[in-house]
Amino acid sequence: MGISRREFIKYAALGLAGSAALTTEVFKPLSAMGLDDDRAIVKHIPTVCEMCFWMCGAVGRVVNGRLVKLEGNPLHPKSRGRLCARGNAGMGLLYDPDRLKAPLIRTGARGENRYKKASWDEALNYVADRITKIKEKYGPEAIALFAHGSPGSYFFDLVLAMGSPNISFPSFSQCLGARNVGYELTFGEDPGSGPERVDMENSRVIAMFATHLGENMHNSQVQDFTEAVGRGAKLIVVDPRFSTAAGKADYWLQIKPGTDLALMLAWLHVLIYEKWYDEDYIKKYTEGFEELKKGVKEYTPEWAEKETEIPARLIAETARELGRYRPNVVVHPGRHYAWYGNDTQRARANALLNAVLGTWGAKGGIYLKPQVKLPSLKGKPFPETEKESVAIPDKYPFAGGEGLTNEVRRATITGDPYPIKAWLVVGTNLVKTLPNQKETLQAIKNLDLLVSIDVMPMDTTMLADVILPETTYLERHDELKKVYAKSLGIALRQPVVKPLFEVKPAWWIAKELAKRLGLEDYFPYKHLEDKLRKQAKLWNIDYDKLQRKGYHVIPNSAKPYFGPDNPPKFKTESGKINLYSKELEAYGFDPIPKYTKVEQPPQGYMRLLYGRVPMHTFTRSINNKWLWELEKENHVWINTEVARRLNIKDGEYVVLENQDGIRSNKVLAKVTERIRKDCVFLPHGFGLMSKRLSRAYLKGADDQGLITRYRIDPITGVTGMRVNFVKIVKEA
Ligand code: SF4
């Protein structure tokens, strides 16, 4: 029997009871759990959650070898004794009967879903043999990696050891890339990603651009946000939709989609022309203030009102709120940034706001990364690659080292500049991650080998030639994790239960493949734990204690704020904050962001916005029994007036059709005044197409299927995806 939403909230509240929960809930009598048995062996094993990529510290309560409960580790700064709903539901992934259980080799056509079960030896020999043939025929660069999450690191090493430079992470192209580059160009450093170093617990004013905290449940960040709201921090939420965060805001600025840059530039105008900045700070620590001042002169609140549809009075008032309380304020850097194709400049404008407000290194602003350098274990150097990476082409001068997924896909389709013939896909569902599914499928058709390393039979997995079933995060060790919170900490992921079925950890799969390819020297350990022990010793950490506690704080590593003993240091070439970017100028880009209009929906269409629901991590968790019970399918948010005009009732099924005539699955309408008339909102990750996912299969609508268009950011090459328009078709 499933659990109701009410019961779930009650349950989640138990998980949110802080460190006390660990001592009361975890240690409650077994009889309370129907497990009263004198001979029961109960263990509490700390590990690291990976139900999403925030990677909180978790503690598994294991009874007679079976995991019965997960709690937050009170010692870990990302959980602080609490897990979010998804973290609590980790057992749903571990014990999901739909899991991949043994290696599979394809016997039918791609996508036909016909496989034969293979032994590990057979499957690994098969993959190694195919890779060797591809290398001989096309060169090592014909092998490419797409990866997300912890398991990716072992395959990263494997692909580099093979001599291929073609590595790409959707986390850059489809998520954080533009943001990080925009900040690096300004401050010489990104604002962190797990966690973002946003000091909300001490902020007096927080401004957020479509940052859906409360729907995005990144644990410690939501805790900080909740504390800030409870403490009375002022909240400015910029969003076309009345999101959960907007529900807590002092100012909800219901912006016209696509015009965020106009609002940011107008805020800069007010802050500069009304002198809400610290002259001394600007003089000492920044470069290019006069150019910035000139650059934002035309962007008055009155001008921005016409673009954003936010009254000029409110634009000025909210900028002044930020200015009044600077530097103890923050313009949240946000996360998913691949929106309109002007994303790096939008990130620059966001960074410039923080620069002018002096928030970098200020209490309540963006705190500083711990500067401790931990030595690395020396490994065998990877061979020089003969060919340039297709994932980091010269045409995008600021594409990061994480590689551009869309460029690897493009090269696989065109064979330009050389053929890509094998993909190793680790922990990422590319069909549901990259824009334009047709292109992804076309690229897959050109491959001689597609290997999927995953836990669940996802859409992309079920197109693979060979499927190598991975352990869940609850059944394996992974590399020691550095956590850049206010202090630097080290977290240990270790198995809380033995691997189920015939699955193997990613490090073992990569190492075994390396052995078969004559590359074993790159994996100089018998078991990954040998390496972890060596590493811990090198860092002066007692590994046995780490096993018991799960987290170790590096002493004296916290210096979160600038001060007399910690003067500002910026890792830019000039050593100052770049208000004017000479680097961008050198490549022919605007050194100060300029406003450019984005295309608006044609008559009869609305912009497709997408995002999260709090109980899911996109496609990864939809099939999880507990989480699925809470949200089985997604709802499309439609403005009340639009719905009335189209005669659509709340809770009725509709179909979305995009500008290219592509239709979605049927999806439930959520008729609401909480969204503008010119857009709809559809939570991402639903409408899975793999028949082996017994709960998630075809439940809800797939936003990615409707994202047939994308706009490439010329600076970083990331793919803006909020450029698709849909109309609503009543279901037949
Ligand atoms: S935020 Fe939630 S799902 Fe993500 S790692 Fe933390 S507990 Fe796990």
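When a ligand or atom number is given, it counts from 1 through the structure's own listing order. Reckoned from all heavy atoms, side chains included, excluding hydrogens, waters and symmetry mates. One-based numbering along the sequence shown.
None of the N, O or S atoms belonging to H218 lies under 2.8 Å away from atom 6 (Fe) of ligand 1. Counting backbone and side-chain atoms alike, C56 contributes no N/O/S atom closer than 2.8 Å to atom 2 (Fe) of ligand 1. One of the N, O or S atoms belonging to C49 lies under 2.8 Å away from atom 8 (Fe) of ligand 1.
Within 6.0 Å of NZ on K43 lie no more than 12 heavy atoms contributed by other residues, nucleotides or ligands.
By the criterion of a heavy-atom distance under 4.0 Å, the backbone of M217, and not its side chain, is placed next to ligand 1.
Ligand 1 places these atoms under 4.0 Å from at least one heavy atom of C84: 1 (S), 2 (Fe), 3 (S), 7 (S). For ligand 1 and M51, the ligand atoms under 4.0 Å from any heavy atom of the residue are 3 (S). Heavy-atom proximity to M55, at under 4.0 Å, picks out these atoms of ligand 1: 5 (S).
Closest to atom 4 (Fe) of ligand 1, if we only count protein heavy atoms, is C52 SG, 2.3 Å.
Ionic pairing of R86 and E50 is not present here: no N-O contact between side-chain nitrogen and carboxylate oxygen is shorter than 4.0 angstrom. With salt bridges taken as basic N to acidic carboxylate O contacts below 4.0 Å, one links R476 and D478. Between R493 and E475 no salt bridge is recorded (no basic side-chain N to carboxylate O distance below 4.0 Å).
A ring-centre distance under 6.0 Å is not found for H684 and H616.
Side-chain atoms of T433 and T460, non-hydrogen and from C-beta on, never get closer than 4.5 Å to each other.
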